[in-house]
Student: 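Dumping the structure here so I can ask a few things about it.
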Amino acid sequence: MSGVSPVSNTTLARVTVASGMTSGTSGPLFVTAPSGDVTRIFIVLQNGIIRQLKRGDGPTAHTVFLDIDARVGSAGDEQGLLGLAFSPNFATNGTFYVNYTRGDGDTIVSRFRTLDGTPNTNGDPASETILFRIDQPESNHNGGWMSFGADGFLYIAQGDGGGGGDVHGTCGNGQSLGTLLGKILRIDPTGTVGTAPDCGLDAGPYTVPPGNPLADGPGGNCNEIWAYGLRNPWRDSFDSLTGDLYIADVGQGCWEEINWTPGTSPGGENYGWRQFEGRHCYNSIQGCSATSSPAGCPTACSDPVPVGDPIPNGTRLPIWDYSSGPGPECAVTGGYVYRGCRMPNIHGKYFYGDYCAGTVLSFEAVGGVATNPQPWTAQLGAGLPFGLTSFGADAQGELYLVDRDGFVYLALPPFPAFEVSGGGTADPLRLSKNGDWTWENLQVASWQQISSYSVYRANVADGVFNPGEIFDCVKATTSPVWPAGGDPTNPGPGAMLAYVVTAKNAAAEQTSPGGTPARVLSALSCP
């Protein structure tokens, strides 16, 4: 958290960070950053391109980091380059992992490295090492999320193989332990520890870590499985503080769900699909009014299942669900528990949304129960032709929203709540008799597009700063610097000069002058 000035906000605003990218099935699907890299973000495009954007640069200044468009099949609405995870050691080995569908629709999980093995160069398309392939019977429900857990292993989400109702096998791929579809997988992508691959086709250099809960040796269960019973997990995440796992699973058309598992879990959870959709029975014959499970499925069902009720066969039902019809809602988009540096009052809230409705909402998981549900749509999602494909987080834990129409947004405090060089900033206001005067570059620190800075001065004649002191604007500049010694004015005998710096954005909003007692800014225009 060092180097970021916190803001005590309880409302949010949306700022455009990136734009000018392609849309539709070529648009952005995800935002992330390597651990410790606070200088840039990486944007995953569905068509097979990863772009990077340096902090503080303009929304169209993104450049290509990796282009594997020719290898990626994205003709289907849910196909394409779907996931990206940087190695925990990216800063020293330049290694990262991707999840994509190739031309025939099969899922590919691969390892790449940068051109020189350091984090400072682009990804090398020629460095691909395929870890494994998954045969996909249909074009939809490919999942695609990837992330390293606190244990250092790679977790991968896979959908149930697609179609409608998971008609694969007796009770669907979601309940079959002999397939990687409809699962959360856990592997060691370095192949350092554990046992040989089990169910990954064309298996490359990965291993099954010790402790995978369903591993039973060759044959039988797929040893890579960490959890099962999922339909189309679309954007999952670990709480960076607790390790808790959140899985947003898109429903069949009746119920959208968010699953939660504590970070202490040994794995092995059955999240219920296709016996359950949300906390409700699923049965394709009965539709949304289902009161029983499909024939051949092992678990009896009463509908709806009350929160906290034990379910036979170890099924873990979601912490949260909502109806996806009738109405604009159609597909849950999972997000993150906010643990960023900027907004301490927002800590602990899990943000999620709906792809079709463009809603942005949150709740807090307390003791395994979803509490304090809050809508944020009016602040973060309103007024958009919004295709909310994903949320994202940077290396400081700040929250991003991804719009399929080619935009990436950042959730921030309202601009007037910021202070230039506020407490804790990496760049405090520095005054010098001989050198430049400098202060926080708020555009770099916050992604806000700053149009100008204003320096205000109060002439405190008696040398004692009191409430109500008036600050007059003495300098306007587009850069966070007043060269060559700054203000040439000197205070009179026994007096002092006090200074405040504010910033304005493109909408002519101004940051707070901050401070206690309150500063009063003169209405006079800046020179």
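In what follows, residues are counted from 1 in the order of the sequence shown. Below, all heavy atoms of this structure are taken into account, side chains as well, without hydrogens, waters or symmetry copies.
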Student: Kindly indicate, with the supporting measurements, whether the criterion ring pair (Phe, Tyr, Trp, His ring centres under 6.0 Å) is fulfilled by Phe90 and Phe148.
Tutor: CA-CA 12 Å; Phe90 180 73; Phe148 281 88; over 10 Å; no
Student: Do Val360 and Phe351 have side chains that get closer than 4.5 Å, going by heavy atoms?
Tutor: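 A side-chain contact under 4.5 Å exists here.
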Student: Going through the distances and angles, do Thr333 and Phe391 end up as a side chain to side chain contact (heavy atoms under 4.5 Å, CB included)?
Tutor: CA-CA 8 Å; Thr333 299; Phe391 292 81; 4.1 Å; yes
Student: Nearest 0.5 Å please: distance from the CD atom of Gln396 over to the CZ atom of Arg342.
Tutor: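 It is 8.0 Å, given to the nearest 0.5 Å.
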Student: Determine, stepwise, if the pair Val408 / Met21 fulfils side chain to side chain contact (heavy atoms under 4.5 Å, CB included).
Tutor: CA-CA 9 Å; Val408 173; Met21 293 173 287; 3.9 Å; yes
Student: Centres of the Tyr499 and Trp437 rings: under 6.0 Å?
Tutor: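 Between Tyr499 and Trp437, the centre distance is under 6.0 Å.
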Student: Working note: Asp394 + Arg40, criterion salt bridge (Lys or Arg N to Asp or Glu O under 4.0 Å); need CA distance, chi angles, decisive distance, verdict.
Tutor: CA-CA 8 Å; Asp394 62 23; Arg40 54 187 170 164; over 6 Å; no
Student: One pair to check against side chain to side chain donor-acceptor pair (under 3.5 Å): Glu398 and Tyr338. What are the steps and the verdict?
Tutor: CA-CA 7 Å; Glu398 300 303 325; Tyr338 179 75; 2.7 Å; yes
Student: Assess, by modelled atom type and distance only, whether the side chains of Gln79 and Ser74 contain a donor and an acceptor separated by less than 3.5 Å.
Tutor: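 Ser74 and Gln79 do not have a side-chain donor-acceptor pair below 3.5 Å.
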Student: Does Asp116 form a side chain to side chain donor-acceptor pair (under 3.5 Å) with Thr121? I'd like the steps, not just the answer.
Tutor: CA-CA 7 Å; Asp116 65 358; Thr121 55; 2.8 Å; yes
Student: Can you check whether Ile41 reaches Tyr400 side chain to side chain, under 4.5 Å on heavy atoms?
Tutor: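 Heavy-atom side-chain distance check passes, below 4.5 Å.
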Student: Once you round to the nearest 0.5 Å, how far does CG of Leu29 lie from CD1 of Ile50?
Tutor: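 Taking CG in Leu29 and CD1 in Ile50, the distance rounds to 11.0 Å.
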Student: Using the six-membered ring wherever Trp is involved, compare the ring planes of Tyr246 and Phe363 and label them parallel, tilted or perpendicular (cut-offs 30° and 60°).
Tutor: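 Ring orientation of Tyr246 relative to Phe363: tilted.
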Student: Given the rule in the salt bridge (Lys or Arg N to Asp or Glu O under 4.0 Å) test, do Arg430 and Asp436 qualify, once you have shown the distances and angles that lead to the verdict?
Tutor: CA-CA 8 Å; Arg430 299 184 184 276; Asp436 297 344; over 6 Å; no
Student: Looking only at heavy atoms, what is the nearest atom pair of Pro125 and Asp67, with distance?
Tutor: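 That would be CG-O, 3.9 Å.
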Student: List the atom of Gly251, the atom of Arg231, and the distance in Å for their closest heavy-atom pair.
Tutor: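 So the two residues come closest at O-NH1, 2.8 Å.
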Student: Measure the shortest side-chain to side-chain distance between Pro373 and Trp320 over non-hydrogen atoms and say whether it is less than 4.5 angstrom.
Tutor: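 Heavy-atom side-chain distance check passes, below 4.5 Å.
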Student: Anything under 30° is parallel, anything over 60° is perpendicular, the rest tilted; go ahead and classify Phe465 against Phe471.
Tutor: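 Answer is tilted, since the angle falls between 30° and 60°.
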Student: To the nearest 0.5 Å, tell me how far Thr11 OG1 sits from Leu380 CG.
Tutor: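 That separation rounds to 10.0 Å.
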Student: Parallel under 30°, tilted from 30 to 60°, perpendicular over 60°: which one fits the rings of Tyr453 and Trp439?
Tutor: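 Rings of Tyr453 and Trp439: perpendicular, over 60°.
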Student: On the six-membered ring of Phe30, is Arg235 placed so that its NZ or CZ lies under 6.0 angstrom from the centre and within 45° of the ring axis?
Tutor: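 So Arg235 does make the cation-pi contact.
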Student: Do you know the tightest heavy-atom contact between Ser454 and Cys473?
Tutor: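 Taking every non-hydrogen atom into account, CB-SG, 4.0 Å.
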Student: Could you go step by step and tell me if Ile187 and Leu131 meet the side chain to side chain contact (heavy atoms under 4.5 Å, CB included) rule?
Tutor: CA-CA 10 Å; Ile187 66 169; Leu131 299 188; 4.2 Å; yes
Student: Does Gln448 use its side chain to pair, donor to acceptor, with the backbone of Gln443 at less than 3.5 Å?
Tutor: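 Between the backbone of Gln443 and the side chain of Gln448 there is no qualifying donor-acceptor contact (under 3.5 Å).
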Student: Is there a salt bridge (Lys or Arg N to Asp or Glu O under 4.0 Å) between Asp472 and Arg457? Walk through the geometry before answering.
Tutor: CA-CA 5 Å; Asp472 293 314; Arg457 180 183 67 213; over 6 Å; no
Student: Apply side chain to side chain contact (heavy atoms under 4.5 Å, CB included) to the pair Gln158 and Thr107, showing each step before the final yes or no.
Tutor: CA-CA 9 Å; Gln158 287 297 313; Thr107 287; 3.6 Å; yes
Student: Compare every heavy atom of Pro6 with every heavy atom of Gly423, then report the nearest pair and how far apart it is.
Tutor: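 For Gly423 versus Pro6, the nearest heavy atoms are O-CD, 3.4 Å.
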Student: State which residue, out of Thr16, Leu53, Asp57, fulfils the side chain to side chain contact (heavy atoms under 4.5 Å, CB included) condition with Trp447.
Tutor: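 So the option named by the test is Leu53.
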Student: For Asp77, which residues count as a salt bridge (charged side-chain N to carboxylate O under 4.0 Å, His left out) partner, sequence neighbours excluded?
Tutor: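 Result, salt bridge (charged side-chain N to carboxylate O under 4.0 Å, His left out) vs Asp77: Arg404.
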Student: Can you confirm whether Phe86 sits close enough to Ser35 that some side-chain heavy atom of one is under 4.5 Å from a side-chain heavy atom of the other?
Tutor: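 The answer is no; the side chains never approach within 4.5 Å.
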Student: Students often mix this up, so state it plainly: with edges at 30° and 60°, are the rings of Phe418 and Phe415 parallel, tilted or perpendicular?
Tutor: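 The arrangement is tilted - the two ring planes meet at 30° to 60°.
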Student: With a 3.5 Å distance limit and no angle check, can you tell me whether Ser265 reaches the backbone of Thr261 through a side-chain donor-acceptor pair?
Tutor: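 Side chain of Ser265 to backbone of Thr261: no pair is present.
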Student: Establish, for the pair Arg111 and Tyr97, whether the NZ or CZ atom is under 6.0 angstrom from the six-membered ring centre and no further than 45 degrees off its axis.
Tutor: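 No, Arg111 and Tyr97 do not form such a contact.
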Student: Do we see a donor-acceptor contact under 3.5 Å between the side chains of Gln52 and Asn122?
Tutor: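 Note: Gln52 and Asn122 side chains meet the donor-acceptor criterion.
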Student: Once rounded to the nearest 0.5 Å, what's the spacing between atom OG1 of Thr371 and atom CD of Glu364?
Tutor: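 Those atoms lie 5.0 Å apart.
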Student: Taking C-beta and beyond as the side chain, do Asp236 and Ser147 meet within less than 4.5 Å on heavy atoms?
Tutor: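 A side-chain contact is absent here, since even the closest heavy-atom pair is not under 4.5 Å.
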Student: Do Thr242 and Asp244 meet the criterion of a side-chain donor-acceptor pair at a distance under 3.5 Å?
Tutor: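 Result is yes, a qualifying pair exists.
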Student: Please give me the minimum heavy-atom distance between Ala365 and Trp260, naming the atom from each residue.
Tutor: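 Closest approach of Ala365 to Trp260: CB-NE1, 4.0 Å.
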Student: Any chance you could lay out the ring pair (Phe, Tyr, Trp, His ring centres under 6.0 Å) test for Tyr352 and Tyr336, step after step, and finish with the verdict?
Tutor: CA-CA 7 Å; Tyr352 70 99; Tyr336 290 82; over 10 Å; no
Student: Looking at Asp239 and Arg339, does any basic side-chain N land under 4.0 Å from a carboxylate oxygen?
Tutor: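 Salt bridge flag = yes for Arg339 with Asp239.
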Student: Just checking, any donor-acceptor pair under 3.5 angstrom between side chains of Trp482 and Thr477?
Tutor: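 Thr477 and Trp482 do not have a side-chain donor-acceptor pair below 3.5 Å.
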Student: Using a distance-only test with no angle check, is there a side-chain donor-acceptor pair under 3.5 angstrom linking Asn434 and Ser432?
Tutor: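 Asn434 vs Ser432: no donor-acceptor pair found between side chains.
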Student: Just how far is it from atom CG of Leu115 to atom OG of Ser127, taken to the nearest 0.5 Å?
Tutor: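 The CG atom of Leu115 sits 8.0 Å away from the OG atom of Ser127.
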Student: Under a plain distance cut-off of 3.5 Å, with no hydrogens placed, do Tyr322 and Asp354 share a side-chain donor-acceptor pair?
Tutor: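 Yes - a donor-acceptor pair under 3.5 Å links their side chains.
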Student: A side-chain contact here means heavy atoms from C-beta on lying under 4.5 Å apart; do Leu230 and Ile247 qualify?
Tutor: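 They are in side-chain contact.
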Student: Just by distance, do the side chain of His141 and the backbone of Glu78 share a donor-acceptor pair under 3.5 Å?
Tutor: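 No; judged by distance alone, with no hydrogens or angles, the pair does not exist.
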Student: Rounded to the nearest 0.5 Å, how far apart are CD of Gln46 and OG of Ser26?
Tutor: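 If I round to the nearest 0.5 Å, the distance is 7.0 Å.
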Student: Is a salt bridge present between Glu128 and Arg71, judged by a nitrogen-to-oxygen distance below 4.0 Å?
Tutor: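 Answer for the salt bridge query: yes.
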Student: Please answer whether the main-chain N or O of Thr92 pairs with a side-chain N or O of Asn89 as donor and acceptor at a distance below 3.5 Å.
Tutor: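 Side chain of Asn89 to backbone of Thr92: no pair is present.
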